[in-house]
Amino acid sequence: MTLHALYERLHAAYGAQCWWPADTPFEVMVGAILTQNTAWTNVEKAIANLKREQALDAQILAHTEPALLVEWIRPSGYYNIKARRLQNLCRWLLDAGEEEGLRTIDTPVLRAQLLTVNGVGAETADSILLYALRRPVFVIDAYTRRLFSRLGLIDGAESYEELRELCERSLVASTDTVHLFSEYHALIVTHAKQACRKRPMCQNCTLRLHCPYQPQ
DNA sequence: TGCCAGGGATTAG
DNA sequence: CTAATCCATGGC
């Protein structure tokens, strides 16, 4: 099976995903930090708080008292670390001239700049690049690695960068690469959430793909 | 009840 | 360069 073929099967099973659920690119960035190793339902509560406080803005978040920001994002967990990470990202964004200032920067350069922000690792950077800044970057997460590995599409020992470049090389979209990459990552997460946790093979999975929780 | 979620930094070997 | 450890809430 090829990466293309897997995409077709996932799309046929789950349909269009239309990720990332957010009203603005900045909300995507905030969500990308808050969802680090955290259930999305918890992130929703934190973002709802930020909206209620009318604080979903880089200028405001960058200058908010950390103790206050911590209270707003508490439901998303790791609140002390994430408050600092959010402010790091906001300050970087403001320094760069916000989204307009980023528009002319080449994707590889932009990616390297994002990775200099403390608290922004490879997956967070790529989520921001793809879903907030609409750059053709393939997001790798634990689900992706596990699914591809169990289907024999990859070796499994590849580094993050190797795997990302492999996916980007293999998936040459006919028209809209950003759309393809956006949908693909979303479909993988949707499939992982639908798959069973305990049974050796997902019973309600019409794809006959290996359950992501199944031990190797 | 214990496990885990749309990771990353830090520290130790 | 790889492996452990820390960070923390809420849902099932």
Side-chain angles (χ1 to χ4, degrees), chain A residues 7 10 14 16-23 25-50 66-92 111-133 137-149 155-164 167 178 181-199 202-204 209 211-215:
Chain A
Y7 173 79
L10 289 168
Y14 302 111
Q17 303 296 301
C18 302
W19 257 25
W20 182 297
D23 296 333
F26 183 69
E27 187 179 334
V28 174
M29 299 189 207
V30 170
I33 295 285
L34 295 183
T35 198
Q36 289 171 353
N37 201 37
T38 299
W40 183 252
T41 50
N42 287 11
V43 178
E44 287 179 320
K45 300 175 197 298
I47 289 183
N49 288 343
L50 294 175
L68 190 53
L69 181 52
V70 160
E71 291 313 308
W72 294 342
I73 68 171
R74 178 175 292 278
S76 71
Y78 303 138
Y79 40 78
N80 289 311
I81 288 178
K82 284 176 179 176
R84 205 177 329 132
R85 291 180 178 178
L86 274 181
Q87 294 199 309
N88 291 342
L89 180 63
C90 287
R91 284 165 189 149
W92 171 83
R111 186 171 193 275
Q113 285 191 22
L114 267 171
L115 290 174
T116 66
V117 179
N118 187 291
V120 177
E123 187 183 335
T124 303
D126 291 344
S127 294
I128 290 172
L129 286 167
L130 180 63
Y131 292 107
L133 305 177
V137 174
F138 198 93
V139 179
I140 306 294
D141 66 349
Y143 296 143
T144 307
R145 185 180 293 276
R146 199 158 42 193
L147 182 62
F148 287 2
S149 179
D155 175 60
E158 296 89 349
S159 69
Y160 184 99
E161 296 303 317
E162 287 171 337
L163 196 45
R164 179 178 63 79
C167 291
V178 168
F181 289 0
S182 300
E183 287 296 302
Y184 208 147
H185 177 68
L187 282 165
I188 289 170
V189 175
T190 295
H191 172 68
K193 283 178 170 174
Q194 304 252 336
C196 65
R197 285 170 169 248
K198 304 286 181 180
R199 285 165 296 199
C202 183
Q203 300 281 327
N204 45 2
L209 299 176
C211 172
Y213 294 92
Q214 180 188 9

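Note that the structure is a prediction, hence the values are computed from the model and not measured. Within every chain, numbering begins at 1; the chains are lettered A, B, ... in the order of the sequence lines, protein sequences first and strands thereafter.
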Candidate nucleotides C/dG10, B/dG8, C/dC7, ranked by approach to the side chain of A/Y78 - the nearest
C/dC7
Does a side-chain N or O from A/Y79 land closer than 4.0 Å to OP1 or OP2 of C/dT9, or not?
yes
Atom-to-atom span, OH of A/Y160 to P of C/dT2 - whole angstrom:
17 Å
Rounded to whole angstroms, how far apart are CD on A/Q87 and P on B/dG8?
19 Å
Strand-adjacent residues in residues 28-46 of chain A, judged by heavy atoms under 4.0 Å from DNA chain C:
A/N37, A/N42, A/K45
Value in whole Å for how far the C1' atom of B/dG7 lies from CG of A/L89:
14 Å
Which of these nucleotides, C/dG10, C/dA8, B/dG6, is closest to any side-chain atom of A/I81?
C/dA8
Could you state the NE2-P distance from A/H191 to B/dG6, rounded to the nearest angstrom?
14 Å
Separation of the C1' atoms in B/dG6 and C/dT2, to the nearest angstrom
25 Å
Please give, in whole Å, the distance from B/dC4 C1' to A/R146 CZ?
11 Å
What is the distance, rounded to the nearest whole Å, between atom CG of A/L86 and atom P of B/dG7?
15 Å
Name the residue closer to the 5' end of DNA chain B, choosing between A/N118 and A/P21 according to the nucleotide with the nearest heavy atom.
A/P21
Distance to the ring centre below 6.0 angstrom and angle to the axis at most 45 degrees; does that hold for A/R164 and A/F138?
no
What integer distance in Å separates A/E123:CD from B/dA9:C1'?
15 Å
More 5' along DNA chain B: A/Y131 or A/L115, using each one's nearest nucleotide?
A/Y131
Between B/dT1 and C/dG10, how many Å separate the two C1' atoms, rounded to a whole number?
14 Å
Specify the separation, in whole Å, of atom CZ of A/R74 and atom P of C/dC7.
14 Å
Closest non-hydrogen atom pair, A/V139 against A/E123:
CG1-CG, 3.9 Å
Return the stacking result for B/dG6 and A/W20: yes when the ring centres lie under 5.5 Å apart and the planes under 30°, no otherwise.
no
